[in-house]
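One structure below.
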Amino acid sequence: MALGCALLWFAYDLPRPEAALAATRRPSVTLLAADGRLLATSGDLYGEPLRLSELPPHLPAALIAIEDRRFREHFGLDPVGMARAAWVNLTAGRVAQGGSTLTQQLAKNLFLTPERSLRRKVQEALLALWLERRFTKDELLEIYLNRVYLGAGAYGVDAAARLYFGVPARRVTLGQAALLAGLPKAPSRLNPRVAPEAAIGRAMEVLGAMAEQGLIPRALVAAEGERLRLVPAPSRDAGWFADWVQGFAGGESLAARFPGAGDLVLRTTLDSRLQAAVEAELAALLAGPGARARVTQGAVVALDAASGAVRAMAGGRDYRESPFNRATQARRQPGSAFKPIVFLAALEQGMRPGDMVADTALRLGHWSPGNGEWRARGEITLEEALAHSVNTAAVRVLQRAGGPRRVAEVAARLGLEADRLPRDASLALGTGEVTLLDLAAAYAAIANGGRRVVPEGIAAARGADGTALAVPRAGGSAAGRAVVAAEHAEALRRMLEAVVRYGTGRAAALPGREVAGKTGTSQDHRDAWFVGFVAAPASGAAAGAGPLVLGIWLGNDDASPMDGVRGGTLAARLFRDILEAYGRGQGAAARERAPRG
C-alpha cells in the first residue's frame, strides 16, 4: 500500500504521452543570401522525418555507442548501467557519468522539464517504461533521432545535418554522424556554431567509443576526425539585415506577409560579396582613420535602384556588441545630403541646372546661414550651388521652389516622413531627421528615372514542403509608381554627377565610372553622410538590375562631435573603397568561373 501511494503521488500529474507526442513548436524561418548561402535561422528547425532504414547505419550506431550501449537489451531502465554510473561517480567524488538510458532521455525530452529532482526522475522512469511497452526499439530510435534537440534551434538529425554540414542526414559521413551523436550530452555547450573545437573533440570521443566496442576499426578514428568539416557559420554582422527582414522589411512582419504559412525558407536579396566588402571596409575605416578622428560608429546600406532590393546592410561596427540598426532605426540630421530634394522641388517649379542663384550672405529674421570656407562669387549656377554645397544659395533655391511646405511634399513622394521635417528655411540645410535607408531609397528614385522605391529584402519564399509562396510586394501599390518626371530626375542626376566630378564629393570618384551622389555634414560635425549611386550596374549584376545606390553614415551614438569629419572626407572615401573592394571580389569570382585550359 505504501508503494502504491508513493507511485500515485509521483504519477498524479504525469503528462498524457499521446498528446505530448504531437509536436508543438515555433515555426522556423531560414534566411538565405541571394546565392543560397545560409544567413540566419530562427524558430525551431525540424528537418525531414526519416525512418531508421533511410539513415546510414553508422548514425544510430554512433548514438547507441556513446549514450546507451545496452539499448537493445534493457527494458527502458538499465540496472547495470545505473550501478556502473553510481560506482564511477562515487569513486570520482562528483557526477562524472549518467545512468539514463536512451528511452529515459526520450521521455525527458518529450514530456518533462529539465528540472533536477527525485520526482522528475521517477516520472522519467515511469514514462520510459510506458514508451518501451508502446514502441519497438527501432521506433524509439526513430523518434529520438527525429526529435532530439541538437543545438542552434535544430531538432532532429536531419535539421542538424543540414545546418552544420549542408547535407541531409541520409548522406552524413561517419565523422559527421559521430559529431551529431555527441551533441545530446550538452547541445548548447557543444553547439558547433558556438564551440567548433569542443564539438569536434566530442565527436572524437564518440568515434573512440565505437572503436572500443568493435563497431569501426581503430584506424578510422583519426582519419574521420581529420575529414570532419563544418559549414562556415553565417556572418554575424549580417544580423542587422536578418533582423530587418524578419521584423521590419516593407513595414510588415513575416507573419503579416505570409499568414498561416508555418515554416518558411526565404531567399533574400542580400549579395554576399557586397556584404563582405561593406563589413570589411567599414571595420577598417572605423579602426584606422575613424578612430583617429573620434568616429565610433557607422552604417552602410546598398540597394538596387530598379527593384528596391537591399543588397547589403551594416547597422554598426559590431552586431554582437550592439544589434541596434543605425541604418534603419536611427534618425539623424542628413545635413547637405538632403539638398538634392530641395533642388528637385526647384526643377519641378521650372528652374534649370544652368539658372543663376546668389551665393552671398543671407539673413532671415535672427537666422543667418553660413557658407563655411566658401568664398562668395555673387552668383553661381544651380549645378555649382549643389556641387559645392553652398548653404545660402540652397536657402534661396528653397524659397524659389515654393518654400518648406512644397519641399516637404516632394520628400514625402520619395518616401521620407514629411511630419519629421521642419517647416522653416533651415530645411534646406538638412535639419530634419531621416534614416539612412529611407534617404537611400529617395536617391534611388532619382537613379531609376523617377519611380518610387520601397526597400525589399525578400526575393523568393517557399514553405517547409518546398511549395513556392507568393511574395507580397513591399510597399504595395506605392512601389514602382512614377513620382518624379523623368526629365527632372535626369537633370538632377547630372547635377549629382557634378558633385563627384568637381564638387564636395570628389573623394567618391571611381576611375572609368560615372558616380553621382551628395555629401552631408550636420552641425559641429556630429554626422557625416554620403549617398550616391553608380550610373550603370556593376559587371556581373543580375539581369534587370538597376543602378546600385550606396548610403553611408558616420558618427557617434551619443551625437558627440567628430574631429573635422565631413561627408566629403571619410564617408565619401568609404563609398569608393566599398565599391572598389566589391569590384575586386567580382573579378576574382569571374576568374574562378572561367573555363580552364
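Side chains included, hydrogens not; waters and symmetry mates left out as well; all remaining heavy atoms used. All of these numbers come straight from a predicted model, not from anything done at the bench.
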**Request:** Start with the C-alpha gap between Val265 and Val29, add the side-chain angles, then the distance that decides, and say whether side chain to side chain contact (heavy atoms under 4.5 Å, CB included) holds.
**Result:** CA-CA 6 Å; Val265 178; Val29 177; over 6 Å; no

**Check against side chain to side chain contact (heavy atoms under 4.5 Å, CB included), Glu279 and Val300** = CA-CA 9 Å; Glu279 293 173 12; Val300 180; over 6 Å; no

**Message:** Let's go through Arg202 and Glu67 carefully: what are the C-alpha distance in whole Å and the side-chain angles of both, what is the deciding distance for salt bridge (charged side-chain N to carboxylate O under 4.0 Å, His left out) to 0.1 Å, and is it a yes or a no?
**Reply:** CA-CA 12 Å; Arg202 174 65 172 166; Glu67 289 292 340; 3.7 Å; yes

**Request:** Check the pair Asp78, Thr101 against side chain to side chain donor-acceptor pair (under 3.5 Å), reporting the backbone distance first and the verdict last.
**Result:** CA-CA 7 Å; Asp78 184 7; Thr101 65; over 6 Å; no

**Message:** Run Leu228 and Gln176 through side chain to side chain contact (heavy atoms under 4.5 Å, CB included) and show every step you take.
**Reply:** CA-CA 7 Å; Leu228 199 53; Gln176 291 169 343; 3.8 Å; yes

**Message:** Is there a side chain to side chain contact (heavy atoms under 4.5 Å, CB included) between Asn146 and Tyr155? Walk through the geometry before answering.
**Reply:** CA-CA 7 Å; Asn146 282 306; Tyr155 288 81; over 6 Å; no

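For the pair Leu63 and Tyr144, the minimum side-chain heavy-atom distance is below 4.5 Å. For the pair Phe75/Leu129, a side-chain contact is recorded, criterion being any heavy-atom separation below 4.5 Å from C-beta on. The closest side-chain heavy-atom distance from Asn191 to Tyr164 is below 4.5 Å. Side chains of Ile143 and Leu106 form a contact here, defined as non-hydrogen atoms less than 4.5 Å apart. In this structure the side chain of Thr269 reaches within 4.5 angstrom of the side chain of Val310, judged on heavy atoms. Here the side chains of Leu145 and Pro60 are in contact, with some heavy-atom distance below 4.5 Å. The shortest distance between side-chain heavy atoms of Phe258 and Leu264 falls below 4.5 Å. By the 4.5 Å heavy-atom criterion applied to side chains, Ile552 and Ile578 are counted as neighbours.
A salt bridge links Arg326 with Asp557: the distance from a Lys NZ or Arg NE/NH1/NH2 to an Asp or Glu carboxylate oxygen falls below 4.0 Å. With respect to the salt-bridge test (charged N to carboxylate O, under 4.0 angstrom), the residues Lys137 and Glu132 qualify. Between Arg51 and Glu142, at least one side-chain nitrogen of the basic residue sits less than 4.0 Å from a carboxylate oxygen of the acidic one, meeting the salt-bridge criterion. A salt bridge does not link Glu73 with Arg70: every distance from a Lys NZ or Arg NE/NH1/NH2 to an Asp or Glu carboxylate oxygen is 4.0 Å or more. With respect to Arg273 and Asp271, no salt bridge is recorded, no charged nitrogen being found less than 4.0 Å from a carboxylate O.
The two residues Ala299 and Ala327 make their nearest non-hydrogen contact at CB-N, 3.9 Å. Heavy-atom minimum distance, Arg193 versus Leu163: NH2-O, 2.9 Å. Among all heavy-atom pairs drawn from Leu39 and Ala238, the shortest one is CD2-CB, 4.3 Å. Residues Leu183 and Leu190 come closest through the heavy atom pair CD2-O, 3.3 Å. Of all heavy-atom pairs spanning Leu550 and Ala302, the tightest one is CD1-CB, 3.4 Å. When all heavy atoms of Leu38 and Thr41 are compared, the pair lying nearest together is CD1-CG2, 3.9 Å.
Between the CG atom in Leu141 and the CG atom in Asp68 there is a gap of 9.0 Å [rounded to 0.5 Å]. Taken to the nearest 0.5 Å, the CG atom of Leu286 stands 6.5 Å off from the CG atom of Leu554. For the atom pair CG of Leu266 and OG1 of Thr268, the computed distance is 8.5 Å after rounding to the nearest 0.5 Å. Rounding to the nearest 0.5 Å places CD of Gln246 at 4.0 Å from OG of Ser42. We find the CG-CG distance between Leu126 and Leu77 to be 8.5 Å, quoted to the nearest 0.5 Å. From His58, atom NE2 reaches atom CG of Leu174 across 6.0 Å, with rounding to the nearest 0.5 Å.
Judged by distance alone, the side chain of Trp240 and the main-chain N or O of Phe324 form a donor-acceptor pair under 3.5 Å. In this structure, Glu139 contributes its side chain and Phe135 its backbone to no donor-acceptor pair below 3.5 Å. Without hydrogens or angle criteria, Asp304 side chain to Gly546 main chain gives a donor-acceptor distance under 3.5 Å. A donor-acceptor pair under 3.5 Å is formed between the side chain of Asp263 and the backbone N or O of Ser28. Side-chain N or O atoms of Gln213 include one that pairs as donor or acceptor with a backbone N or O of Ala65 at under 3.5 Å. Side chain of Gln297 to main chain of Arg317: a donor-acceptor pair is present (N/O by atom type, distance under 3.5 Å, no hydrogens or angles). Side chain of Arg267 to main chain of Ala34: a donor-acceptor pair is present (N/O by atom type, distance under 3.5 Å, no hydrogens or angles).
Residues satisfying the side chain to side chain donor-acceptor pair (under 3.5 Å) criterion with Arg171, sequence neighbours excluded, are absent altogether. Legend: residues meeting side chain to side chain donor-acceptor pair (under 3.5 Å) with Glu48, ordered by chain and number and at least two apart, are Arg170.
Side-chain contact annotation: Thr296 with Asn556, donor-acceptor N/O pair under 3.5 Å present.
Relative orientation of the Phe71 and His74 rings is perpendicular, given thresholds of 30° and 60° on the angle between their planes.
Residue-environment remark: CZ (Arg72) exceeds the threshold of 12 foreign heavy atoms within 6.0 Å. Within a 6.0 Å radius of CD in Glu197, other residues, nucleotides and ligands contribute 12 heavy atoms or fewer.
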